[in-house]
Amino acid sequence: MTAPINRAEWRDALYVTIFEHETPGGKLFDVVLIGTILLSVMAVILDSVASIHATYGTTLYLLEWVFTALFTIEYILRLSCARNPFKYARSFFGVVDLLAILPTYVSIIFPGSQVLLVIRVIR
C-alpha cells in the first residue's frame with residue numbers, strides 16, 4: 001500500500017506537468033492544451049459566420065462555456081501550483097490566460113457586452 005500524497009508533493013507534480021515542457025506529462029499537457037485552444041478558436045470562427053451561427057448557435061454557445069470552464073480550471077490549476085501565484089497572475093501568460101476567460105463571464109454580468117467575446121481569440 002502506498003502512502004497518501006501530501007499537498008507539497010501534489011503541487012510539485014502538478015507544477016512539473018503544467019510548467020515543465022520537457023517531461024512526458026508536460027508534453028502531453030501541452031498537446032492537449034494546444035488542441036483545445038485550436039478547437040476553441042475554430043468554434044469562435046464558425047460562430048462568426050451568420051449562416052453557421054443561425055443553424056448551430058446554441059451548440060456553439062454551449063461549446064463556448066465548455067471551453068471557458070476548461071480554461072478556467074487550467075488557470076486555477078496554474079495559480080494553485082505556481083511557485084509564486086501572484087507573480088504568475090501578473091506575468092504576460094497569466095494576464096493572457098485571464099483575458100481568455102474573462103469576456104465570457106463579463107457577458108453574464110453586463111448584457112450586451114458580447115462584443116468583448118472577440119477577445120476569446122487570444123486563447
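Basis for what follows: all heavy atoms, side chains included, without hydrogens, waters or symmetry-related copies.
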Q | Heavy-atom closest pair, residues Ala82 and Arg11 | A | O-NH2, 3.1 Å

(Q) Tell me if a side-chain donor or acceptor on Ser40 pairs with a main-chain N or O of Thr36 at a distance below 3.5 Å. (A) no

(Q) Are Leu60 and Leu62 connected into the same hydrophobic cluster when the rule is that any two of I, L, V, M, F, W, Y join if their side-chain heavy atoms are below 4.5 Å apart? (A) no

Q) Within the distance-only criterion (no hydrogens, no angle test), does the side chain of Thr23 pair as donor or acceptor with the backbone N or O of Glu20 below 3.5 angstrom? A) yes

(Q) To check you understand the geometry: which heavy-atom pair defines the closest contact between Lys27 and Glu22, and what is its length? (A) CE-O, 3.8 Å

**Q.** Side chain to side chain, His53 and Tyr61, heavy atoms closer than 4.5 Å
**A.** no

Q.
Is there a path of hydrophobic side-chain contacts, each under 4.5 Å between heavy atoms of I/L/V/M/F/W/Y residues, joining Leu28 to Leu70?
A. no

Q.
I'd like to check the side chain to side chain contact (heavy atoms under 4.5 Å, CB included) partners of Ser48; sequence neighbours left out, ordered by chain and number.
A. none

Q) So how far is it from Cys81 SG to Phe19 CZ, rounded to the nearest 0.5 Å? A) 5.0 Å

Q | Parallel, tilted or perpendicular: rings of Phe71 and Phe67 (30°, 60°) | A | parallel

Q. Does Phe93 belong to the same Ile/Leu/Val/Met/Phe/Trp/Tyr cluster as Leu38, with side-chain heavy atoms less than 4.5 Å apart forming each link?
A. no

Q) So with a 6.0 Å cut-off around OH of Tyr56, is the heavy-atom count from everything else above 12? A) no

**Q.** Donor-acceptor pair, side chain of Arg90 and main chain of Val95, under 3.5 angstrom
**A.** no

Q. Once the angle between the rings of Tyr88 and Tyr75 is folded into 0 to 90°, is it parallel (under 30°), tilted (30 to 60°) or perpendicular (over 60°)?
A. tilted

Q. For the atom pair CG (Leu63) and CE (Met42), what is the distance rounded to the nearest 0.5 Å?
A. 10.5 Å

(Q) Would you say Ile108 ends up clustered with Ile101 if hydrophobic residues are merged whenever their side chains have heavy atoms under 4.5 Å apart, either directly or through other cluster members? (A) yes

Q: Might you work through the ring-ring contact (aromatic ring centres under 6.0 Å, His included) test for Tyr105 and Trp65, ending with a clear yes or no?
A: CA-CA 9 Å; Tyr105 294 116; Trp65 277 104; 5.6 Å; yes

Q) Shortest non-hydrogen contact from Leu79 to Ala89? A) CD2-CB, 3.9 Å

(Q) Rounded to the nearest 0.5 Å, what separates atom CD1 in Ile52 from atom CD1 in Ile45? (A) 10.5 Å

Q.
Distance check, rounded to the nearest 0.5 Å: Asp30 atom CG versus Ile37 atom CD1?
A. 9.0 Å

Q) Side chain of Arg78, backbone of Asp97: donor and acceptor closer than 3.5 Å? A) no

(Q) According to a hydrophobic-cluster definition based on side-chain heavy atoms being under 4.5 Å apart (Ile, Leu, Val, Met, Phe, Trp, Tyr only), do Val16 and Val31 belong together? (A) no

**Q.** Ser80 to Leu14 - nearest heavy-atom pair and separation
**A.** OG-CD2, 3.9 Å

Q: Name all residues meeting the salt bridge (Lys or Arg N to Asp or Glu O under 4.0 Å) criterion together with Asp12; count only those two or more places apart in sequence or in a different chain, and write none if there are none.
A: Arg83

